[in-house]
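Heads up, the thing below is written out as structure tokens.
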Amino acid sequence: QVQLVESGGGLVQAGGSLRLSCAASGRTFSTYTMGWFRQAPGEEREFVAAISWNGRSTYYPDSVKGRFTISRDNAKNTVYLQMNSLKPEDTAVYYCAMNRNRNYYPAHPEKRDEYDYWGQGTQVTVSS
């Protein structure tokens, strides 16, 4: 049984930073691309970041590029999302997700259907 458990969310002022963590179990973590997504109330779930199974490739949308950094520690089965210079529009529930294929970095890591397991989410609230 695959489990993804996010942590690290909270309330922060605009301009501040948070680091999210996602601990994985149930699969050989080091062989799977991981992603972060977020969903604000009334909005669709949107892509935030992805990292290849070996950590060599990362991808971000323009909305977070230069502010967010995804990383992973395969020895700890954990993926991280460092979020700096946070803005009120970053307020959302943040989810980590695991790609459905081993040793594979998708051509479009931003697509939700590339991922078959999702965490329960952690709330990030940025006040102005």
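These values consider heavy atoms only, across backbone and side chains, with no hydrogens, waters or symmetry-generated copies.
Arg38 pairs by the salt bridge (charged side-chain N to carboxylate O under 4.0 Å, His left out) definition with Glu46, Asp90, not counting sequence neighbours. Partners of Asp62 under the salt bridge (charged side-chain N to carboxylate O under 4.0 Å, His left out) rule, at least two apart in sequence or in another chain, are Lys65. With sequence neighbours excluded, the residues forming a salt bridge (charged side-chain N to carboxylate O under 4.0 Å, His left out) with Arg27 are Asp116, listed by chain and number. Residues that satisfy the side chain to side chain contact (heavy atoms under 4.5 Å, CB included) test with Ser25, not counting sequence neighbours, are Gln3. Partners of Tyr115 under the ring-ring contact (aromatic ring centres under 6.0 Å, His included) rule, at least two apart in sequence or in another chain, are Phe37. Applying the salt bridge (charged side-chain N to carboxylate O under 4.0 Å, His left out) rule to Glu44 yields the partners Arg112; only residues at least two apart in sequence or on another chain are considered. For Ser52, the side-chain hydrogen bond (donor to acceptor under 3.5 Å, both in side chains) test picks out Asn54, with sequence neighbours left out.
By the criterion of side-chain heavy atoms lying less than 4.5 angstrom apart, applied directly or through intervening Ile, Leu, Val, Met, Phe, Trp or Tyr residues, Leu18 is not grouped with Val93; the two fall into different hydrophobic clusters. Hydrophobic clustering, with ILVMFWY side chains joined whenever heavy atoms are under 4.5 angstrom apart, keeps Val5 apart from Trp118. Following chains of ILVMFWY side-chain contacts shorter than 4.5 Å, one can reach Val126 starting from Met83, so the two form part of one hydrophobic cluster.
Sequence neighbours left out, not one pair with a member in residues 12-24 passes salt bridge (Lys or Arg N to Asp or Glu O under 4.0 Å). Applying the disulfide (SG to SG under 2.5 Å) rule to pairs touching residues 99-128 yields nothing, sequence neighbours excluded. For residues 76-128, the set of pairs meeting the disulfide (SG to SG under 2.5 Å) definition, not counting sequence neighbours, comprises Cys22-Cys96. Sorted by first and then second residue, the disulfide (SG to SG under 2.5 Å) pairs with a member in residues 57-88 form an empty list; sequence neighbours excluded. Counting only residues at least two apart or in different chains, disulfide (SG to SG under 2.5 Å) contacts with residues 99-128 are absent.
Atoms OG1 and OH, from Thr31 and Tyr104 in turn, are 14.5 Å apart once rounded to the nearest 0.5 Å. Separation of atoms CG (Asn103) and OH (Tyr32) is listed at 8.5 Å; rounding is to 0.5 Å. Atom CG of Leu81 and atom OG1 of Thr69 lie 8.0 Å apart (nearest 0.5 Å). To the nearest 0.5 Å, atoms CG (Asn99) and CD1 (Ile51) are separated by 13.0 Å. Atom CD of Gln120 sits about 9.0 Å away from atom CG of Leu4, to the nearest 0.5 Å. Going from atom CD of Glu89 over to atom OG of Ser128 covers 10.0 Å, rounded to the nearest 0.5 Å.
Remark: of the listed residues Tyr60, Trp36, Phe68, Tyr59, Tyr59 is the sole one forming a ring-ring contact (aromatic ring centres under 6.0 Å, His included) with Phe47.
Shortest non-hydrogen contact noted between Thr91 and Ala40 is O-CB, 3.7 Å. In this structure, Leu20 and Val124 approach most closely via the heavy-atom pair CD2-CG2, 4.0 Å. Nearest heavy atoms, Gln82 versus Ser17: NE2-CB, 3.9 Å.
Met98 is listed as a side-chain neighbour of Phe29, based on a closest heavy-atom distance under 4.5 Å. Inter-residue side-chain proximity for Leu86 and Gln13 is flagged as unmet; no heavy-atom pair is nearer than 4.5 Å. When side chains are defined from C-beta on, Tyr95 counts as touching Gln39, because their heavy atoms get closer than 4.5 Å. Two residues are said to be in side-chain contact when any heavy atoms from C-beta on lie closer than 4.5 Å; Glu114 and Pro109 fail this criterion. With contacts defined as side-chain heavy-atom distances shorter than 4.5 Å, the pair Trp53/Arg102 does not qualify.
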Show your reasoning for whether side chain to side chain contact (heavy atoms under 4.5 Å, CB included) applies to Leu11 and Gln123. CA-CA 8 Å; Leu11 174 64; Gln123 176 71 46; over 6 Å; no

